Amino acid sequence: MALPELKVMGNAANHDKTAYTIVTGNADFASDRLAGRKLYGAVKTSTIMRGVITSIDASKALAEPGVRAVVTYEDVPTWSDAIFAWGQEVAGVVADDPFIAERALDLIDVEYEERPGVFDPDEAMASGAPLTGIRPDSNTRLATDLTRGDPDGAIAAAPVQLETTFDYSTTYQHATLEPHQSIAWWVGDQVYIWAPSQHVFGMKNGIVNALGMPANKVHVYTHFTGCGHGDKTGTNTGEVSAIMSKKVNGAPVNLIKTRKTNILTHSRQFSIKSQIKWGATQDGKILAVDAKFFGNGGRNANAPIGNCHFGLRTTYNIPDARFQVTIISTNSPLTGYWRCVNDPPGAVNYDSALYKLAAHLDMDPYEVIMNNLQPNDAPDLDPPNRVWGGIAVKEMFEWLHQETGYASKWHKPGTKTLPDGRMHGIAITGHRDSHGAVNGASRGMMVTMTPDGTCFVNVGGARGCEGGPTVCCHIVAETLGMNYEDVNLGEWGDTDTSIDSGIQAGSGFTGGAGSASVGAATEMREKLFARAITKAGLREIEGIKVEDLYAENSEVIYRPDPTKRITYRQVMAGTPPTAASGNGWASTLRSKSVGGVPQGSVCNSNGNACTAAEVAVDPDTGAVEVLGLWNAVDTGRTVFKRGTIKEMSTGCELQIWQALFAGDVYDKATGALIGSEYTDSMYFTPKDIIGENLHVKDFESDDAAGPFGAHGIGEPCVTNYSSIICAIFNATGKWVDLDKGPCTPNKILKSLGKA
Amino acid sequence: MSEKEETKQISRRQFLRNAGIVVGGTAVGSSFLLSACGGEEVTKTVTKTVNVTTATPKFVCPYDSQEFDTFAALQAHVEANHSAGDPITVNKFVSPYDGAEFDTLEQLKAHLDANFMSQGEPGVVSFLVNGKPVTVKVEDYWTLDFVLRDRLALYGTKVGCGVGQCGACTVLVDGVPTFACLTLGIEIAGKSIETIESLSDGTNLSPLQQKFYDNEAFQCGFCTSGFMMAAKALLAENPNPTVDEVREAVAGHICTCGNLKNTVATIAGGV
Ligand code: FES
Ligand code: FES
């Protein structure tokens with residue numbers, strides 16, 4: 001069925017509202033201010049895995065010329081004398097320049113009393129393991145324990161039973177190009193902070209709480225963030241720079257973390273291993289699953305791992321199932337979100353398990369996937385059994401199947417050799433994503449109409465990679481019936497002049513700030529239409545009512561006779577600027593009924609993604625070439641077309657890195673990070689990209705819950721990791737033990753018995 | 001580790017050599033890497049090529065066209081080999097920094113003293129930034145990115161890694177793309193620095209900026225200045241580069257958003 005036509009949303013001609021700023025070098029990231037008028041901060045980190053600080057002697061550092069102050073865990077509320085991982089913040093220096101500050105860190109003597117620590121997650125889970133101290137009485141926590149039907153009985157009764165295991169997935173730091181940095185200064189009892197944040201109001205609230213200050217005295221700003229990927233959601237640098245500034249009588253302090261400190265003190269993607277038992281029929285109908293996941297949360301007691309089963313749970317129609325997720329606390333660095341809350345590590349586990357099942361059944365895994373897909377309009381199998389507002393997973397799988405030429409390319413694992421002697425492999429994976437939800441009930445947005453008939457929007461969120469404020473401008477223009485160029489971006493990411501538009505993580509900004517944009521623009525439209533019928537050009541129409549009007553191309557039009565129209569400029573002539581604000585909404589079936597569930601019911605509303613990878617593997621070297629990567633993403637309705645396509649394409653590049661190159665390297669004995677630079681983590685370069693062999697397509701499922709049918713685009717890249725790993729299996733017929741790292745040539749050779 | 005895997009790693013890391021920057025020296029580092037769970041031990045030798053700009057401006061003798069690295073050397077040469085007051089019939093004394101021409105050595109010296117040379121005061125450097133002469137007092141350990149950003153408020157140059165591994169800080173030094181984070185402020189006396197702020201005249205986008213705008217060749221934008229400055233240098237030498245030539249030229253840059261395909265395609269084919 002053809003979707004309703006949209007005028008502004010999805011128009012590929014529309015640019016990011018901050019594009020000029022970026023190409024002229026004028027995009028102001030946190031540190032881009034106060035040249036020559038600021039001091040500089042640096043942070044010292046712990047050099048033990050577990051223990052307690054017994055003393056800190058900063059006298060030598062303070063005696064160093066140019067050093068102005070030292071802060072320690074006693075000054076910073078979110079730091080502690082208890083050490084749970086190598087590389088935890090213990091002290092900081094404020095100095096005249098960043099080089100002095102860095103050098104002075106070495107002059108701070110920190111004494112520790114060491115305690116036994118456990119770095120390895122399997123060791124931490126073993127009985128008798130020392131407590132890591134991160135949780136009070138255990139190193140593990142069962143974060144998810146969900147049973148549907150009788151999985152044990154159903155597996156036991158199934159004609160085919162298979163137990164699959166997958167060892168820990170890759171772990172690595174986010175490595176955002178812009179390091180964590182911030183500038184803070186005080187004027188009297190007011191503190192002003194610039195910091196890169198994916199949720200500027202969240203950072204403000206965190207600082208208010210940490211410093212015990214009234215909210216009206218804390219001012220936090222973020223315009224641009226140099227990548228976030230989920231790592232720029234806390235308060236840390238903002239809070240620390242504020243405390244550093246306080247120590248030097250409120251002078252501006254620019255805290256800039258070095259690459260190494262950045263990697264040590266901020267979160268990395270957790271790694272997950274799994275044990276998954278299947279019960280199935282011989283022709284590939286999955287009858288039951290018992291899926292256990294184990295995630296290494298590092299020193300993060302609340303690592304967000306518990307939902308890593310989401311795609312397996314929701315994508316497939318499995319009548320009897322158990323899903324358990326155990327989070328393991330280890331004396332290793334923080335873990336957290338990386339581009340997706342759960343899915344890259346979760347998906348590589350359950351997709352690989354599905355591929356193992358297909359191989360066991362001697363079937364094409366695509367056939368197994370399609371045999372077991374949940375229908376788009378079926379409710380979730382688990383309470384509260386909600387339907388989805390919009391899902392295009394089946395269509396995306398089918399598109400990938402066709403675009404890749406899968407039918408003629410797929411073969412049994414390890415059975416096809418290319419003319420050049422390399423092994424050929426192809427795989428398709430995908431799932432319903434836990435990202436991109438429409439849930440904006442606590443989100444706000446403001447729009448102001450100016451006398452010249454244009455408007456500007458104030459968005460309480462930063463410009464993240466995908467251009468969140470630009471998304472809001474699209475939705476405002478669509479709602480008001482304005483030309484896109486007549487909607488300007490006012491202030492954004494400013495806790496003084498905007499209202500909280502939500503966190504730019506989980507790809508929920510479209511649903512959150514986007515639905516708030518509809519609310520604000522709808523209120524504005526009502527005001528403008530009420531004014532329009534009093535203006536020359538429309539007021540002469542006898543009996544004209546607001547309901548008779550619609551707007552298009554920045555004109556207000558009389559529906560019964562569209563020749564009667566006036567511009568927004570005429571509507572606004574002689575009137576002062578007019579403001580409106582709106583709140584978002586929670587996910588309900590607003591625009592239609594789905595699967596027989598009435599309109600108005602609460603529903604699920606998420607983004608979804610599917611990917612195909614085609615690879616060639618050199619049997620002599622283990623080298624992998626990605627011959628093609630196809631990425632399909634369910635946008636609901638595409639809002640900012642350029643941003644969407646970029647987000648998909650760039651996510652694919654990152655996932656090639658995750659699959660083949662990325663990895664943190666530690667000394668297990670001490671917990672020390674050995675590789676802290678881009679070269680150490682084999683960061684991908686322009687020479688590693690696959691260029692024209694990368695294909696992306698957005699799918700519109702018209703989410704009944706979203707603004708104009710849109711939902712967040714999820715993390716479009718999240719299934720690429722598993723499709724590449726599964727394609728390598730299809731090539732070699734062997735599974736590679738990732739061993740918490742990338743799928744390196746050496747590991748592939750090992751799997752082939754050659755290394 | 002197999003021989004072949006090691007070769008692959010080295011070749012991936014050769015990007016520094018390919019960064020479009022004049023090669024000045026080579027450093028070899030060796031690191032012993034332990035995997036996170038102790039399963040695999042690998043010894044990796046990584047060859048890193050340190051990039052040092054060698055495009056020093058030359059002082060040319062107008063009598064015999066000999067070139068000298070410093071004004072003092074030129075002055076010594078002229079005084080030793082050419083009589084004071086010898087007429088200059090063909091060439092002039094030329095300031096290598098801004099091309100200004102003079103009839104006498106003394107006039108050139110006065111011009112240099114006024115605009116470019118440090119006058120005995122330690123740590124004071126004069127250079128051109130985006131065509132404008134500036135004089136800045138610097139500490140001898142300050143890097144060029146710090147001088148540009150924190151003394152001259154030219155924030156368009158970004159710092160991603162600070163150790164020569166990302167390209168975000170790329171500026172042009174005498175036309176050569178250079179990592180500002182690996183360049184000391186005291187090294188740039190008398191040189192001409194171009195930053196992202198030089199690309200636009202303040203009103204109009206340059207053709208390169210326009211193409212980046214048209215293609216939206218950025219996501220967060222943090223790497224964009226570095227890519228654009230490298231692109232400017234590449235296009236000056238090769239106005240119509242292929243995709244592979246671009247990949248080679250910007251191989252020392254990374255984009256942690258992953259926007260490489262779009263960026264490379266934007267530079268390819270020129271403006
Ligand atoms: S900041 Fe200079 S190369 Fe990364
Ligand atoms: S656009 Fe974000 S780092 Fe390149």
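A quick note: this is a predicted structure, and the numbers were derived from the prediction, not measured. The basis for the numbers below is simple: all heavy atoms, side chains too, and nothing from hydrogens, waters or symmetry mates. Convention: sequence-line order gives letters A, B, ...; per-chain numbering from 1.
Scanning all heavy atoms of the two residues, the minimum distance from B:Asn262 to A:Lys646 falls at ND2-CD, 3.9 Å. Between A:Thr650 and B:Gln219, the shortest heavy-atom distance links the atoms OG1-OE1, 2.9 Å. Nearest heavy-atom pair, A:Pro686 versus B:Val264, reported as atom, atom and distance to 0.1 Å: CB-CG2, 4.1 Å. Nearest approach of A:Arg33 to B:Tyr155, heavy atoms of both residues: C-OH, 3.1 Å.
By number of non-hydrogen pairs under 4.5 angstrom with chain B, the leading residue of A:Asp122, A:Leu694, A:Asn26, A:Ile689 is A:Ile689. Ranked by non-hydrogen atom pairs under 4.5 Å with chain B, the options A:His229, A:Glu123, A:Arg37 are led by A:His229. Note: B:Arg149 leads B:Arg149, B:Met228, B:Arg151, B:Gln210 in heavy-atom pairs under 4.5 Å with chain A. With chain B as the partner, the residue from A:Arg642, A:Lys260, A:Gln181 showing the most heavy-atom pairs under 4.5 Å is A:Arg642.
Distance alone, capped at 3.5 Å, is enough to place a donor-acceptor pair between the B:Thr256 side chain and the A:Leu177 backbone. Between the side chain of A:Arg259 and the backbone N or O of B:Gly162 there is no donor-acceptor pair closer than 3.5 Å. Between the side chain of B:Arg247 and the main chain of A:Thr685, no donor-acceptor pair closer than 3.5 Å is present.
Neither the backbone nor the side chain of A:Ala755 comes within less than 4.5 Å of any heavy atom in chain B. Of the atoms belonging to A:Tyr20, heavy atoms from both backbone and side chain fall under 4.5 Å from chain B. Contact annotation for A:Leu34: only backbone heavy atoms (N, CA, C, O) come within less than 4.5 Å of a heavy atom of chain B. There is no contact between A:Thr21 and chain B, counting heavy-atom distances below 4.5 Å. Proximity to chain A is limited to the backbone of B:Val159, based on heavy atoms less than 4.5 angstrom apart. Of the atoms belonging to B:Ala168, it is side-chain heavy atoms, and not backbone ones, that fall under 4.5 Å from chain A. With a 4.5 angstrom heavy-atom cutoff, B:Asp244 does not touch chain A via any of its atoms. Contacts of A:Thr24 with chain B are made by both backbone and side-chain atoms, with heavy-atom separations under 4.5 Å. Heavy-atom distances place the side chain of A:Lys38, and not its backbone, under 4.5 Å from chain B. Using a 4.5 Å cut-off between heavy atoms, B:Leu205 touches chain A through its side chain atoms alone. Of the two parts of A:Glu647, the backbone and the side chain both hold a non-hydrogen atom closer than 4.5 Å to a non-hydrogen atom of chain B.
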Please evaluate residues A:Phe684 and B:Ile254 with respect to the criterion side-chain contact (heavy atoms from CB on, under 4.5 Å), reporting the C-alpha separation (whole Å), side-chain torsions for both, the decisive distance (0.1 Å), and the verdict.
CA-CA 7 Å; A:Phe684 69 102; B:Ile254 63 175; over 6 Å; no
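Counting only heavy atoms from C-beta outward, the side chains of A:Phe99 and B:Thr143 approach each other to under 4.5 Å. A heavy-atom distance below 4.5 Å is found between the side chains of A:His15 and B:Glu216. Here the side chains of A:Thr176 and B:Phe222 are not in contact, with every heavy-atom distance at 4.5 Å or above.
Atom CG of B:Asp150 is separated from atom OH of A:Tyr40 by 3.0 Å, given to the nearest 0.5 angstrom. The distance from the CG atom of B:Leu260 to the CH2 atom of A:Trp657 is 12.5 Å, given to the nearest 0.5 Å. Distance check: B:Cys220 SG to A:Phe29 CZ gives 5.0 Å after rounding to the nearest 0.5 Å.
The pair B:Lys261-A:Glu653 does not meet the salt-bridge criterion, since no charged nitrogen lies less than 4.0 angstrom from a carboxylate oxygen. We find that A:Lys687 and B:Glu248 are joined by a salt bridge, their nearest charged nitrogen and carboxylate oxygen being less than 4.0 Å apart.
Counting only N and O atoms by type, the side chains of B:Tyr141 and A:Asp97 include a donor and acceptor under 3.5 Å apart.
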